[in-house]
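Encoded as structure tokens, the structure appears first; notes follow it.
Naming: A, B, ... by sequence-line order, numbering from 1 per chain.
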Amino acid sequence: MSNVAGDTERYDPLTIEPPIAERWAEERTYSLRPGPTAREDEDTDAPYYALTMFPYPSGDLHMGHAEIFTIHDALVRHLRMQGRRVLNPIGWDAFGLPAENAARNRGADPKAWTYANIDEQRSTIARLGYSFDWDTVLHTCDPEYYRWTQWLFLALFDAGLAYRREALVNFCPSCSTVLANEQVVDGRCERCGTEVSRQPRTQWFFRITAYADELLSGLDDLDWPDRVKNSQRAWIGRSEGAEIVFPTADREDEIHVYTTRPDTIFGATYFVFAPEHPVVLRRMAGDRAYDAYLEEVTRRSDVERQAGKTGYRLPFDVVNPFTGEDIPAYAADYVLMDYGTGAIMAVPVGDQRDFEFARQEGLEVRIIIRPTGPDGELLAELDPEGMTEAYTGPGVMVNSGPYDGLSWEEAKERIIAEVEAKGWGTAKVNTRLRDWLISRQRSWGAPIPIVHCPTCKEVAVPEEDLPVELPDDLDFTVAGSPLDQHAAFKHDVVCPRCGNPDATRDVDTMDTFVDSSWYFLRYLSPTDHEQAWPADVASRWLPVDQYTGGVEHAVLHLLYSRFVVKAMRDRGHVDADEPFQALLNQGQVIMDGAAMSKSKGNLVVPGEVTENYGADTLRGTMLFASAPEDDIDWADVSPTGMHKWLSRVWRLSLEHTARRQAGAPALADAAAATLQRATAVAIARASEEFDARKYNTAIAQLMTLTNAVLDATRDGAAGAVVGEALEALLKMLAPVCPFITEELWTRLGHPGSVHDQRWPVADASLLVEDEVEVVVQVNGKVRGRITVPAGSDRTALEHLARADERVAGHLAGEVVKVIAVPDKLVNFVVKG
RNA sequence: GCGGGUGUGGCGGAGCUGGCAGACGCAGAGGGCUUAAAACCCUCGGGGCCGCGAGGCCCGUGUGGGUUCGAACCCCACCACCCGCACCA
């Protein structure tokens with residue numbers, strides 16, 4: 001294959017890119033020097049922490065990785081050219097189930113499997129020209145990393161924020177491990193889709209609920225997409241209401257209920273306990289019929305539970321404190337033990353679930369509210385027999401004793417006041433958020449650094465004994481947890497407190513979301529043997545200025561990281577309130593309208609595109625396709641088009657060099673002025689687009705500048721103005737396409753790297769226009785265009801507009817009004 | 001069910017604070033160069049109508065209304081699609 005077409009060398013990315021990529025990798029060109037722990041950045045511009053969600057090493061990079069890294073790299077390279085000191089680390093979220101499955105199914109060593117994948121991804125990252133800092137690289141499966149994950153666990157344990165308890169937990173039979181609430185989607189395992197069952201197990205939790213209020217209020221000040229903030233708000237699920245005590249009719253127990261509608265209490269005609277409520281369990285102990293019900297309920301999955309309600313009439317009543325009536329008590333599975341108090345007052349008239357259950361069981365629907373319209377006018381009374389659903393709209397109280405006639409909002413306030421005055425309860429804020437279940441019965445994860453002693457119970461492994469290392473010889477062919485069945489790991493330990501030789505190690509590992517909840521702190525000093533991170537350095541770099549990653553982490557990872565930072569702040573390890581100030585969710589790369597997958601046969605991998613067109617074309621195609629947060633359908637985009645444009649940039653640059661050397665004439669004055677102005681405009685506009693991270697429109701500006709150079713040099717001219725245009729073009733293209741710009745920068749005769757240049761600044765004097773085109777409208781319709789001196793006043797505009805022949809033809813009727821906006825338009829309002 | 005978002009040419013997408021809709025591309029058509037093809041270069045391009053032509057007129061940003069001199073943009077209602085939450089009391 002010839003490298004020459006005509007007399008200009010062809011653009012051949014496959015030849016020019018690899019050597020540059022290798023040089024950058026070998027020379028660690030993009031490492032922050034000095035490193036992040038250096039104090040020098042205190043004296044310079046504010047340091048900038050740019051972070052991208054680190055990859056999971058399951059095979060080679062896919063298009064989604066290329067998308068996130070390309071957006072992120074354009075951002076980072078642009079910032080560096082603006083003189084910012086940018087920390088841009090990379091690492092791997094390297095613990096997790098796929099490695100274990102590879103071990104189980106193919107006999108692979110999980111460690112070897114993981115590191116092989118990391119090596120592959122690492123070389124692809126280098127080939128694609130992403131400017132990560134290889135000096136701070138980390139892998140969460142390295143003992144020197146998870147040693148500090150274990151330290152973090154112990155810090156939380158010491159603070160009472162990590163604890164162990166028995167609870168009904170989500171269990172995935174396929175993954176044979178428990179899951180956090182956040183990992184259960186529609187009653188199914190987020191990972192494998194298997195229906196999750198609820199089982200009582202003793203597990204480790206992080207007390208994230210202690211930070212519920214702050215996790216909610218802190219969202220207000222974050223520069224995150226609204227949908228992510230809304231997801232977190234919904235997940236935290238704050239509600240305001242009251243906790244009210246209902247005594248049992250025999251006065252032996254006082255049952256607390258939580259309600260957001262205390263105003264409806266006069267309509268509470270029955271009472272419901274969660275089937276596992278402790279008072280019910282105590283009272284019903286030994287009752288075979290109830291045991292049978294309980295068993296049936298436990299067997300029902302969440303999915304089945306939502307399909308229909310079951311209930312059990314308990315052999316006792318409770319008292320409605322407001323009416324003094326005895327009302328029947330039920331156990332029913334539509335009341336959940338782990339929300340509120342696990343018991344409710346049931347108001348069929350005002351709550352759809354209570355209504356359905358009342359109809360099913362033939363219970364009274366008592367009317368205590370009369371609907372009102374939008375202006376407060378009374379509407380028709382509710383009919384208890386004819387109602388087909390609960391009424392949840394506005395209204396005034398009826399059948400509610402002293403509260404009759406009040407609006408429901410007013411009644412709510414007064415009833416809460418009375419509850420408090422009489423000592424029947426208190427106003428109460430509730431959240432839906434549960435504590436984070438972090439233990440997993442898996443073996444490719446960070447071991448929980450706890451020893452269970454028959455006498456001392458749960459004892460922390462002393463810090464000097466960390467890390468608690470995973471054994472190298474786990475047997476993944478066993479059923480259940482390999483770590484649990486590794487005798488040496490489990491039993492070769494004595495109690496750190498009393499020396500009891502019968503102590504055993506905790507055989508669970510931590511959720512991989514624990515690993516990723518603090519990695520952005522470890523990047524600051526990944527080889528520090530003394531501490532997880534230096535507090536002063538963390539305080540200087542956090543919060544992360546810009547975090548880029550997928551929206552699938554809207555709740556899980558992003559909420560956990562926020563919790564960890566707040567908990568660490570309260571222990572004095574960092575002074576930031578939040579981990580990530582700004583968040584960018586890149587869109588997905590899909591194919592023909594569907595997610596890419598091998599089984600669908602619509603998989604495109606970055607390597608394929610790179611082998612055909614090179615990395616610059618892949619990067620440019622992705623950024624030009626749409627705004628970073630929009631999805632890209634690969635079937636709709638054109639690497640060919642991007643390659644064509646880059647070839648044109650290549651040819652124009654080489655031609656310019658050749659012409660300059662051959663002594664070609666400079667541009668004529670008029671052409672030079674036009675090109676100079678086009679360059680200034682392109683710099684001004686593209687800079688704005690880059691600042692706003694709208695790379696698609698930024699590239700459009702660069703294409704326009706390319707077309708201007710093409711037009712200006714068609715007759716073979718060269719000269720300084722052309723050189724300046726090309727230099728500006730290459731500098732601004734550099735963050736998008738780092739290879740071709742590096743190569744051409746050198747070939748244009750410049751020393752050093754284009755990536756070390758300062759971002760170009762537009763010559764402001766060239767941006768000022770002498771003349772502007774003003775649109776002339778008649779009754780809002782464009783009827784002409786006039787060219788006028790910039791800044792012409794209204795009178796002048798009107799005069800010039802009237803003089804326009806075409807416009808005059810439309811001004812037959814009476815001109816009743818003239819709107820003139822300088823430099824923009826004139827609009828004549830004509831009557832008749 | 002509740003909450004949030006998005007609808008612009010054949011396609012991806014531009015469109016700033018309410019002021020020329022369709023920037024920049026892709027695909028397409030026509031032409032140039034070439035023995036030929038590729039590559040490259042030029043021209044055209046929302047729809048309809050009138051005109052030999054320069055050009056002109058009407059319609060057009062999911063649908064229907066409204067506000068305004070003027071609406072893709074603001075307001076109301078509706079339709080479609082996407083996302084999140086969902087027995088949370």
**Request:** Name the orientation class of the two ring planes belonging to A:Trp424 and A:Phe322 (parallel below 30°, tilted from 30 to 60°, perpendicular beyond 60°).
**Result:** perpendicular

**Asked** Should the ring pair A:Tyr339 and A:Tyr258 be called parallel, tilted or perpendicular, given that the plane angle runs from 0 to 90° and is split at 30 and 60?
**Response**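 Ring orientation, 0 to 90° scale: perpendicular.
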
Round to a whole Å and report the spacing from [atom1] of [X] to [atom2] of [N].
X        : N     : atom1 : atom2 : answer
A:Arg238 : B:C2  : CZ    : P     : 23 Å
A:Arg794 : B:G19 : CZ    : P     : 16 Å
A:Leu559 : B:G84 : CG    : P     : 17 Å
A:Ile632 : B:C11 : CD1   : P     : 18 Å
A:Asp630 : B:A14 : CG    : P     : 7 Å
A:Ile236 : B:A86 : CD1   : C1'   : 17 Å
A:Trp650 : B:C40 : CH2   : P     : 16 Å
A:Gln588 : B:C82 : CD    : P     : 14 Å

Strictly by modelled atom types, are [X] and [Y] linked by a side-chain donor-acceptor pair under 3.5 Å?
X        : Y        : value
A:Thr209 : A:Asp435 : yes
A:Thr70  : A:Tyr695 : no
A:Arg233 : A:Asn230 : yes
A:Glu771 : A:Thr787 : no

**Asked** Between A:Ser647 and B:A39, is there a side-chain N or O to OP1/OP2 distance below 4.0 Å?
**Response**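 So the side-chain polar atoms of A:Ser647 never come under 4.0 Å of the phosphate oxygens OP1 or OP2 of B:A39.
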
**Prompt:** Do the side-chain N or O atoms of A:Arg714 get closer than 4.0 angstrom to the phosphate oxygens (OP1, OP2) of B:C42?
**Reply:**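 For B:C42, OP1 or OP2 has a side-chain N or O of A:Arg714 closer than 4.0 Å.
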
Heteroatom pairs (N/O) under 3.5 angstrom, protein to nucleotides 4-7 of chain B:
none

Between [M] and [N], how far apart are the [atom1] atoms? Round to whole Å, please.
N     : M     : atom1 : answer
B:G62 : B:G15 : P     : 16 Å
B:G7  : B:A89 : P     : 33 Å
B:G60 : B:G70 : P     : 15 Å
B:C81 : B:U8  : P     : 15 Å
B:G12 : B:U68 : C1'   : 34 Å
B:A71 : B:G19 : C1'   : 10 Å
B:C26 : B:C69 : P     : 43 Å
B:U67 : B:C75 : C1'   : 7 Å

**Syn/anti label of B:G5 as read from its glycosidic torsion, with the cut at 90° from 0** = anti

**Message:** Between A:Asp220 and A:Lys229, does any NZ, NE, NH1 or NH2 come within less than 4.0 Å of an OD or OE carboxylate oxygen?
**Reply:**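 Between A:Asp220 and A:Lys229 there is no salt bridge, as every charged N stays at least 4.0 Å from the carboxylate O atoms.
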
**Salt-bridge present (A:Arg261, A:Asp351; N to O < 4.0 Å)** =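 Not counted as a salt bridge, because no side-chain N and carboxylate O are separated by less than 4.0 Å.
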
**Request:** Determine the contact category for A:Leu702: base if any of its heavy atoms lies under 4.0 Å from a base atom, sugar-phosphate if only primed atoms, P, OP1 or OP2 are that close, otherwise nothing.
**Result:** nothing

**Message:** Regarding A:Val335, tell me which of base, sugar-phosphate or nothing describes its non-hydrogen contacts under 4.0 Å with the strands shown.
**Reply:** base

Just by distance, do the side chain of [X] and the backbone of [Y] share a donor-acceptor pair under 3.5 Å?
X        : Y        : result
A:Gln232 : A:Ala554 : yes
A:Asp263 : A:Lys412 : no
A:Asp630 : A:Gly587 : no
A:Tyr270 : A:Asp354 : yes

Atom pairs, protein N/O to nucleotides 55-62 of chain B N/O, distance under 3.5 Å:
| from | atom 1 | to | atom 2 | distance (Å) |
| --- | --- | --- | --- | --- |
| B:G56 | OP1 | A:Arg806 | NE | 3.3 |
| B:G56 | OP1 | A:Arg806 | NH1 | 3.3 |
| B:C57 | OP1 | A:Arg783 | NH1 | 3.1 |
| B:C57 | OP1 | A:His810 | NE2 | 3.1 |
| B:C57 | OP2 | A:Arg806 | NH2 | 3.0 |
| B:C58 | OP1 | A:Arg783 | NH2 | 3.1 |
| B:C58 | OP2 | A:Arg783 | NH1 | 3.0 |
| B:C59 | OP2 | A:Lys781 | NZ | 2.9 |

Let's see if you can work this out: which of [options] has an atom nearest to the side-chain heavy atoms of [X]?
X        : options             : answer
A:Glu773 : B:C20, B:A89, B:G19 : B:C20
A:Lys694 : B:A89, B:G15, B:G84 : B:G15
A:Ala625 : B:G12, B:C85, B:A89 : B:G12

**Full working for side-chain hydrogen bond (donor to acceptor under 3.5 Å, both in side chains) between A:Glu356 and A:Gln360** = CA-CA 6 Å; A:Glu356 286 167 16; A:Gln360 182 183 316; over 6 Å; no

**Message:** Using salt bridge (charged side-chain N to carboxylate O under 4.0 Å, His left out), reason through A:Glu655 and A:Arg659 one step at a time and then give a plain yes or no.
**Reply:** CA-CA 6 Å; A:Glu655 274 176 5; A:Arg659 287 172 184 174; 3.5 Å; yes

Just the table, please: protein N/O against nucleotides 64-69 of chain B N/O, every pair under 3.5 Å.
| from | atom 1 | to | atom 2 | distance (Å) |
| --- | --- | --- | --- | --- |
| B:C69 | O2' | A:Asn827 | ND2 | 3.3 |
| B:C69 | O2 | A:Asn827 | ND2 | 2.5 |

**Request:** Kindly determine whether A:Arg802 and A:Glu798 satisfy salt bridge (charged side-chain N to carboxylate O under 4.0 Å, His left out), including the steps that lead there.
**Result:** CA-CA 6 Å; A:Arg802 279 181 187 276; A:Glu798 182 181 340; 3.2 Å; yes

**Prompt:** Given the rule in the side-chain hydrogen bond (donor to acceptor under 3.5 Å, both in side chains) test, do A:Thr310 and A:Asp333 qualify, once you have shown the distances and angles that lead to the verdict?
**Reply:** CA-CA 6 Å; A:Thr310 67; A:Asp333 60 356; 3.1 Å; yes

**Request:** Could you pick out which residue, A:Arg785 or A:Asp333, lies toward the 5' side of RNA chain B when each is mapped onto its nearest nucleotide?
**Result:**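 Closest to the 5' end, via its nearest nucleotide, is A:Arg785.
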
**Fill in**
Pairing string of RNA chain B (Watson-Crick or G-U wobble, both atom distances under 3.5 Å; | = paired to other strand) is (((((((..(((......[....))).(((((.......))))).(((((....)))))..(((((..]....))))))))))))....

**Request:** Step by step, work out the salt bridge (charged side-chain N to carboxylate O under 4.0 Å, His left out) result for A:Arg238 and A:Asp213.
**Result:** CA-CA 8 Å; A:Arg238 180 190 155 96; A:Asp213 281 345; 3.6 Å; yes

Filtered N/O pairs between nucleotides 23-26 of chain B and protein, under 3.5 Å:
| from | atom 1 | to | atom 2 | distance (Å) |
| --- | --- | --- | --- | --- |
| B:G25 | OP1 | A:Asn707 | ND2 | 2.7 |

**Request:** List in chain and number order the residues that pass ring pair (Phe, Tyr, Trp, His ring centres under 6.0 Å) with A:His810, two or more places apart in sequence or in another chain; answer none if no residue qualifies.
**Result:**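 A:His810 satisfies ring pair (Phe, Tyr, Trp, His ring centres under 6.0 Å) with no other residue.
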
